[in-house]
Amino acid sequence: SWYVRMISMANPQVVLASNSPRRRQMLAWSELPFTTTSAHVDETPLPGEKPADYVMRLAREKAHACEREASFGGVILAADTTVADGDEILGKPVDAEDAIRMLQKLRNRTHVVHTAIVVGVPSRGFAEYELCSTDVKMRPYSDQEIIAYVESGDPLDKAGAYATQDPQFDPVQKISGCYASVMGLPLCHFERALRRLGFGARKGLPYRCMRELSYTCPIFKR
């Protein structure tokens, strides 16, 4: 019926092409129905590939790899996040020594975290693409703090060898832009893509995001 179609357009069924617990938690703030699936793609950067191009390519490949999981009229959401120091892509460290190198390199400096998302409706052949880039200033932590953090094992599965929200190491001094993007899922960009695809508006989403992250976002109104 017309009413059922209107409800489904306002609350599309989403397939999140990620098993990240943090992305699942953040997507739940949208209150949209969703399922998750794994996206297995080769994450090796291409020769000379810029960080922003790299994350967008991977997000597209993840969306393509999982598009058959979306129901008719449903949405596929794929995301990829990377830490960049200039044109250098800082992925997950290969070992403890690599993690120490990355953290020393980033110390007391500003770098950029890029997150690309693809929001598509495979059954309609439509897709929207968003890139969010956020400046992150690291505090002047000591070598002793780096070693203790690396010995905890936490940085070994993190891009750039750090977790923004780690309560002990607490490496970040200032974030300038979208905090949700640094966490892996820029929700306002997701919302903007959904609106462009005709899926109504969830006006409370940015306020829920800020409340959950205890962060006053300087860019969501734009």
Side-chain angles (χ1 to χ4, degrees), residues 3-39 55-56 59 62-63 66 69-71 73-83 112-121 126-137 158-159 162-167 170-222:
Y3 178 73
V4 171
R5 288 197 302 272
M6 289 298 292
I7 292 296
S8 64
M9 287 300 288
N11 297 282
Q13 178 70 41
V14 178
V15 175
L16 173 64
S18 172
N19 278 330
S20 162
R22 191 61 174 169
R23 286 193 178 116
R24 290 201 303 269
Q25 179 187 32
M26 296 173 72
L27 182 56
W29 300 342
S30 71
E31 299 184 355
L32 293 172
F34 73 93
T35 58
T36 62
T37 188
S38 298
V55 290
M56 182 57 72
K62 290 178 181 180
C66 299
E69 302 290 331
S71 60
V75 168
I76 188 83
L77 167 61
D80 193 76
T81 301
T82 198
V83 174
V112 180
V113 175
H114 300 286
T115 295
I117 64 170
V118 176
V119 185
V121 186
F126 297 155
E128 292 289 338
Y129 309 94
E130 292 273 357
L131 175 69
C132 184
S133 301
T134 303
D135 289 339
V136 178
K137 173 66 185 302
K158 306 289 191 303
Y162 73 91
T164 305
Q165 70 276 21
D166 184 88
D170 192 24
V172 174
Q173 181 172 306
K174 181 180 180 182
I175 292 174
S176 301
C178 178
Y179 184 17
S181 181
V182 176
M183 304 301 292
L185 188 60
L187 288 169
C188 285
H189 294 72
F190 174 53
E191 169 67 14
R192 181 164 62 181
L194 285 177
R195 292 185 187 186
R196 289 202 299 262
L197 289 167
F199 288 107
R202 288 136 297 274
K203 296 181 180 179
L205 182 55
Y207 301 98
R208 172 76 183 273
C209 180
M210 287 189 286
R211 184 169 68 250
E212 295 286 352
L213 294 177
S214 300
Y215 179 71
T216 301
C217 180
I219 67 167
F220 83 93
K221 291 184 179 179
R222 299 204 301 269

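- Val75 has its side chain within reach of Leu194: a pair of non-hydrogen atoms, C-beta onward, lies under 4.5 Å apart.
- Taking the side chain as every heavy atom from C-beta outward, Phe34 and Val15 never approach each other to under 4.5 Å.
- Going from atom CG of Leu185 over to atom CE of Met183 covers 10.5 Å, rounded to the nearest 0.5 Å.
- Open room surrounds CD on Glu31; 12 or fewer heavy atoms of other groups in view lie less than 6.0 Å from it.
- Using modelled atom types and a 3.5 Å distance limit, the side chains of Arg23 and Thr81 yield a donor-acceptor pair.
- Donor-acceptor pairing under 3.5 Å is recorded for the side chains of His114 and Ser133.
- Checking side-chain atoms of Ser30 against main-chain N and O of Leu27 turns up a donor-acceptor pair under 3.5 Å.
- Residues Ala79 and Gly184 share a closest heavy-atom pair of CB-O, 3.9 Å.
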Quiz: residues 212-219 side-chain donor-acceptor pairs under 3.5 angstrom, not counting sequence neighbours:
{"from": "Glu212", "atom 1": "OE2", "to": "Arg208", "atom 2": "NE", "distance (Å)": "2.8"}
{"from": "Glu212", "atom 1": "OE2", "to": "Arg208", "atom 2": "NH2", "distance (Å)": "3.3"}
{"from": "Tyr215", "atom 1": "OH", "to": "Ile175", "atom 2": "O", "distance (Å)": "3.4"}
{"from": "Tyr215", "atom 1": "OH", "to": "Gly177", "atom 2": "O", "distance (Å)": "2.6"}

Stepwise side-chain contact (heavy atoms from CB on, under 4.5 Å) test for Leu32 and Gln13: CA-CA 7 Å; Leu32 293 172; Gln13 178 70 41; over 6 Å; no

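- Each of Thr36, Leu16, Thr37, Leu77 was evaluated against Cys66; a single residue qualifies, Thr37, per the side chain to side chain contact (heavy atoms under 4.5 Å, CB included) test.
- In terms of modelled atom types and a separation under 3.5 Å, the side chain of Glu191 and the main chain of Arg202 share a donor-acceptor contact.
- The side-chain heavy atoms of Tyr162 and Thr164, taken from C-beta on, include a pair separated by under 4.5 Å.
- Residues Lys62 and Val118 are not in side-chain contact: their nearest non-hydrogen atoms beyond the backbone lie 4.5 Å or more apart.
- In terms of heavy-atom proximity, Phe220 sits nearest to Pro206 at CD1-CB, 3.6 Å.
- Nearest heavy atoms, Ala59 versus Ala78: O-CB, 3.4 Å.
- Side-chain contact between Thr134 and Tyr179 is absent, with no heavy atoms from C-beta onward closer than 4.5 Å.
- Minimum interatomic distance between Phe199 and Gly73 (heavy atoms only, all atoms of both residues): CZ-O, 4.0 Å.
- Side-chain contact between Arg192 and His189 is present, with at least one heavy-atom pair separated by less than 4.5 Å.
- At a threshold of 4.5 Å between non-hydrogen side-chain atoms, the residues Ile117 and Tyr129 do not count as touching.
- Taking every heavy atom of both residues into account, Glu130 and Ala193 meet most closely at OE2-N, 4.2 Å.
- For the atom pair Leu187 CG and Trp29 CH2, the distance stands at 7.0 Å (nearest 0.5 Å).
- Val121 places a side-chain heavy atom less than 4.5 Å from the side chain of Leu197.
- Of all the heavy atoms in Ser181 and Thr115, the pair that sits closest is O-OG1, 2.8 Å.
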